[in-house]
J.: 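Could you have a look at this structure, given as structure tokens, before my questions?
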There are 2 protein chains.
Amino acid sequence: MAEFPQALTRFPVTVDIVALTVRDDALNVLLITRRIEPFRGRLALPGGFVLAGEGLGEAAIRELAEETGVEQVPGHLEQLQSYGPRGRDPRGDVLTVAHLLLAPNFPVLSAGSDAEHAAWYPVGYVLDGDAELAFDHARILVDAVERARSKLEYSPLGAAFCGDEFTIAQLRAVYEAVWGTRLDPRNFHRKATGNPGFLEDTGRMTVGDAGRPAALFRLAAEARPAAGEPVRAVLNPPLMRPYS
Amino acid sequence: MAEFPQALTRFPVTVDIVALTVRDDALNVLLITRRIEPFRGRLALPGGFVLAGEGLGEAAIRELAEETGVEQVPGHLEQLQSYGPRGRDPRGDVLTVAHLLLAPNFPVLSAGSDAEHAAWYPVGYVLDGDAELAFDHARILVDAVERARSKLEYSPLGAAFCGDEFTIAQLRAVYEAVWGTRLDPRNFHRKATGNPGFLEDTGRMTVGDAGRPAALFRLAAEARPAAGEPVRAVLNPPLMRPYS
DNA sequence: GGAATTATTGTCAAGATGACGATAAGTATT
DNA sequence: AATACTTATCGTCATCTTGACAATAATTCC
């Protein structure tokens with residue numbers, strides 16, 4: 001019976017989740033306030049240690065549910081990148097597998113005072129302001145935002161920020177918030193609705209809003225996550241961000 | 001002094017490297033023949049355990065050097081994705097951080113009979129043939145090839161498969177091998193040379209080959225890997241593979 | 001020297017893009 | 001109810017990009 005070599009180094013492994021959403025036309029990230037050392041009192045990405053017999057995705061979902069108090073976390077989860085194990089944590093070597101969640105704006109339960117408090121923070125405020133994140137989480141956040149930006153170009157996952165049904169204007173607001181640019185409503189409308197395999201008209205319309213009612217769309221069937229199946233989540237042609 | 005919790009689960013962590021190159025107009029992958037259980041005798045990706053105090057990239061480079069007998073492995077190395085820790089290895093939970101190397105066709109030293117033998121294998125043969133890879137390495141290889149394919153669209157890294165200087169035709173052969181399609185030489189030439197920040201004319205020409213001599217190019221300065229700096233490796237406009 | 005081979009420059013129609021005008025269909029205001 | 005306002009949607013047009021393919025250039029091969 002084959003066994004691992006005795007002298008084998010083993011590492012604690014964590015998952016960290018960069019959960020992004022769009023609130024008030026700005027990109028927001030879910031952060032917790034750390035209640036324990038190290039970095040006690042600092043803002044940090046939600047996450048935690050991977051348990052024995054757990055997969056990476058499972059661990060990410062479990063941690064996210066635990067720290068937000070939300071049972072079924074909505075949105076699209078994917079692996080981002082791994083960092084470490086060296087020089088990330090003053091307690092020693094730790095490998096972390098960062099994940100990216102693109103989610104609609106879901107409410108986070110305010111946990112009691114003894115638990116870690118999770119809340120949405122504008123990404124611009126977090127990165128530019130003086131709210132220094134714990135560990136190497138600022139770097140992870142930067143990588144995650146860049147990944148999200150390019151995901152919007154090449155995949156239909158911008159829709160993951162919206163609910164099940166959304167208007168073209170809502171989708172455009174997502175693109176504008178994530179890319180940090182303004183987009184021409186007419187050209188965006190043409191490209192989004194004209195892209196085969198991206199959107200599907202529900203036939204229904206918004207009611208009660210100001211202005212002309214808008215048609216409600218959902219992700220096209222081929223772009224929707226199927227159970228177990230890997231989504232062929234490719235936008236063709238891509239919706240490129242303006243390059244100046 | 002903060003310490004890790006006592007009950008913390010620790011995992012062995014490995015790096016696996018999918019080293020790709022183009023040989024005889026076909027995409028090839030570097031594989032070793034395993035000399036130990038489990039999967040003794042099977043083909044597998046090069047890789048091995050991350051040692052204490054080692055970073056992920058360092059470990060990947062060290063393993064690659066050890067298993068190929070090449071001191072300075074050429075090409076572009078980047079992290080691919082992590083897999084695990086559950087259900088990958090009959091010996092128990094192992095997390096692996098897969099890496100992708102895009103390299104020119106470098107010769108692999110044939111190791112002695114007691115060491116693991118590394119060699120290039122055509123990807124098509126490996127995935128379609130009955131050479132079943134060890135562990136979950138077939139899946140990792142599939143992911144790596146897909147990553148390489150899209151890298152060629154959005155980044156100048158196709159040049160990583162060539163040497164320092166290369167002709168447009170050599171670069172095109174890389175694209176054709178990786179994408180598995182034929183490309184029109186004239187249109188490819190126009191797009192490659194017309195892309196700002198991609199190629200730089202060396203002023204020199206090939207000699208001795210059949211046909212008209214070709215101009216030699218190298219990666220443009222802004223696309224070349226600088227020491228320590230992250231390369232702004234983005235191709236604008238992208239060189240999209242034909243979509244049928 | 002002529003044939004074969006490969007590189008490179010053009011041409012042209014079709015498709016995609018960015019800027020912006022015009023119209024449609026609601027709500028808010030008077 | 002009429003008017004103003006707001007937002008959605010459709011259209012136009014010049015420009016850029018793309019794919020298909022003709023033509024020419026500069027070598028080696030025979």
Side-chain angles (χ1 to χ4, degrees), chain A residues 25 152-154 156 158-159 162 165-177 179 181-218 234-244, chain B residues 24-25 152-154 162 165-177 179 181-218 234-244:
Chain A
D25 295 325
L152 258 56
E153 299 188 316
Y154 304 120
C162 304
E165 301 192 350
F166 48 87
T167 67
I168 300 293
Q170 286 168 340
L171 186 63
R172 176 167 47 86
V174 164
Y175 275 76
E176 292 182 333
W179 286 347
T181 57
R182 305 313 308 267
L183 298 173
D184 184 286
R186 298 158 291 189
N187 290 337
F188 184 85
H189 190 281
R190 186 202 337 147
K191 296 213 275 195
T193 56
N195 205 310
F198 188 10
L199 299 181
E200 206 170 75
D201 198 331
T202 64
R204 308 201 298 118
M205 311 282 286
T206 55
V207 284
D209 290 349
R212 175 175 170 177
L216 282 167
F217 291 83
R218 64 170 152 261
V234 168
L235 219 49
N236 202 300
L239 245 164
M240 305 288 283
R241 54 189 133 166
Y243 177 75
S244 52
Chain B
D24 305 324
D25 295 326
L152 257 55
E153 298 189 316
Y154 305 121
C162 304
E165 301 192 349
F166 47 87
T167 67
I168 301 294
Q170 287 167 339
L171 186 62
R172 177 166 47 85
V174 164
Y175 276 76
E176 292 182 332
W179 286 346
T181 56
R182 306 311 309 267
L183 299 172
D184 184 285
R186 298 159 290 189
N187 291 337
F188 184 84
H189 190 282
R190 182 195 349 138
K191 296 212 275 195
T193 58
N195 205 311
F198 187 10
L199 300 180
E200 206 170 76
D201 198 332
T202 64
R204 307 200 299 118
M205 310 282 287
T206 55
V207 284
D209 290 350
R212 172 175 172 178
L216 283 167
F217 291 83
R218 64 169 151 261
V234 168
L235 219 49
N236 202 300
L239 245 163
M240 304 288 283
R241 57 189 132 166
Y243 177 76
S244 53

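In what follows, every chain begins at residue 1, and chains take the letters A, B, ... in the order their sequences are listed. It should be emphasised that the depicted structure is a prediction, and the values quoted were computed from it without experimental measurement.
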J.: Going by heavy atoms closer than 4.0 Å, what residues in residues 204-217 of chain B are next to DNA chain C?
T.: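 Output list: B:Ala210, B:Gly211, B:Arg212, B:Pro213, B:Ala214, B:Ala215.
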
J.: Treating A:Thr202 as the side-chain partner and A:Leu216 as the backbone partner, does any N or O pair qualify as donor plus acceptor under 3.5 Å?
T.: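 Such a contact is found between A:Thr202 side chain and A:Leu216 backbone.
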
J.: Please report the closest heavy-atom contact between B:Leu199 and B:Leu171, naming both atoms and the distance.
T.: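 That would be CD1-CD2, 4.1 Å.
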
J.: Once you build an axis from the first five pairs and another from the last five of the helix from C:dG1-D:dC30 to C:dT30-D:dA1, how far apart in angle are they, to 10 degrees?
T.: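 Rounded to the nearest 10 degrees, the bend comes out at 0°.
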
J.: Could I get the full list of salt bridge (charged side-chain N to carboxylate O under 4.0 Å, His left out) partners for A:Arg172, not counting sequence neighbours?
T.: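 Partners of A:Arg172 by the salt bridge (charged side-chain N to carboxylate O under 4.0 Å, His left out) criterion, ordered by chain and then number, come out as A:Glu176.
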
J.: Specify the residues of residues 185-200 of chain A, ordered by number, for which at least one heavy atom lies under 4.0 angstrom from an atom of DNA chain C.
T.: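 Only A:Arg186, A:Asn187, A:Arg190, A:Lys191 qualify.
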
J.: Under the rule for salt bridge (charged side-chain N to carboxylate O under 4.0 Å, His left out), what residues qualify as partners of B:Asp184, not counting sequence neighbours?
T.: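 Partners of B:Asp184 by the salt bridge (charged side-chain N to carboxylate O under 4.0 Å, His left out) criterion, ordered by chain and then number, come out as B:Arg186.
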
J.: Could you check if a side-chain atom of B:Pro237 sits within less than 4.5 angstrom of a side-chain atom of B:Lys191, using non-hydrogen atoms only?
T.: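 B:Pro237 vs B:Lys191: side chains apart.
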
J.: Contact boundaries of DNA chain C with chain B (under 4.0 Å, heavy atoms), 5' to 3'?
T.: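 Taking any atom under 4.0 Å from a heavy atom of chain B, the span is C:dT5 to C:dG10.
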
J.: Given the side-chain rings of B:Tyr154 and A:Tyr154, with only the six-membered ring counted for Trp, is the space between their centroids under 6.0 Å?
T.: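 Yes, ring centres under 6.0 Å apart.
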
J.: Would you compute the distance between atom CG of A:Leu235 and atom CG of A:Leu239 and round it to the nearest 0.5 angstrom?
T.: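 Reported to 0.5 Å precision, the distance equals 5.5 Å.
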
J.: Tell me which residues in residues 165-176 of chain B put a heavy atom below 4.0 Å from DNA chain D, sorted by number, or none.
T.: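 Hits under 4.0 Å, by residue number: none.
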
J.: Apply side-chain contact (heavy atoms from CB on, under 4.5 Å) to A:Ala173 and list each qualifying residue two or more places apart in sequence or on a separate chain.
T.: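 A:Ala173: side-chain contact (heavy atoms from CB on, under 4.5 Å) contacts with A:Asp25.
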
J.: Return the minimal non-hydrogen interatomic distance between A:Asn195 and A:Asn236, and the atom names on each side.
T.: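 For A:Asn195 versus A:Asn236, the nearest heavy atoms are OD1-O, 3.1 Å.
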
J.: Hey, does A:Ile168 have a side-chain heavy atom less than 4.5 Å from the side chain of A:Pro185?
T.: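 The answer is no; the side chains never approach within 4.5 Å.
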
J.: Write down the atom of A:Val174, the atom of A:Cys162, and the distance for their closest heavy-atom approach.
T.: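 In this case the closest contact between A:Val174 and A:Cys162 is CG2-SG, 3.9 Å.
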
J.: Mind checking the CG-CZ spacing from A:Asp201 to A:Arg204? Nearest 0.5 Å is all I need.
T.: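 Here the rounded value is 11.0 Å.
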
J.: Can you sort out the partners of B:Arg190 under salt bridge (charged side-chain N to carboxylate O under 4.0 Å, His left out), two or more places apart, ordered by chain and number?
T.: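 With sequence neighbours excluded, B:Arg190 shows a salt bridge (charged side-chain N to carboxylate O under 4.0 Å, His left out) to no residue whatsoever.
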
J.: If you assign B:Pro237 and B:Asp184 each to the DNA chain D nucleotide with the nearest heavy atom, which residue ends up on the more 5' nucleotide?
T.: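 On the 5' side of the pair lies B:Pro237.
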
J.: Test of understanding: with ring pair (Phe, Tyr, Trp, His ring centres under 6.0 Å), list the residues that count as partners of A:Tyr175, not counting sequence neighbours.
T.: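 Listed in chain order: A:Trp179, A:Phe188.
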
J.: According to salt bridge (charged side-chain N to carboxylate O under 4.0 Å, His left out), who are the partners of A:Glu153, at least two apart in sequence or on a separate chain?
T.: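 Result, salt bridge (charged side-chain N to carboxylate O under 4.0 Å, His left out) vs A:Glu153: A:Arg241.
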
J.: Of all nucleotides in DNA chain D with an atom under 4.0 Å from a non-hydrogen atom of chain B, which is the first and which the last going 5' to 3'?
T.: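 Nucleotide range with atoms under 4.0 Å of chain B: D:dT18 to D:dT28.
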
J.: Can you tell me how far CZ of B:Phe217 sits from CD of B:Glu165, rounded to the nearest 0.5 angstrom?
T.: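 Going from CD on B:Glu165 over to CZ on B:Phe217, the span is 11.0 Å.
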
J.: So does A:Ala214 get a backbone contact from the side chain of A:Thr167, meaning a donor-acceptor N/O pair under 3.5 Å?
T.: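 Such a contact is absent between A:Thr167 side chain and A:Ala214 backbone.
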
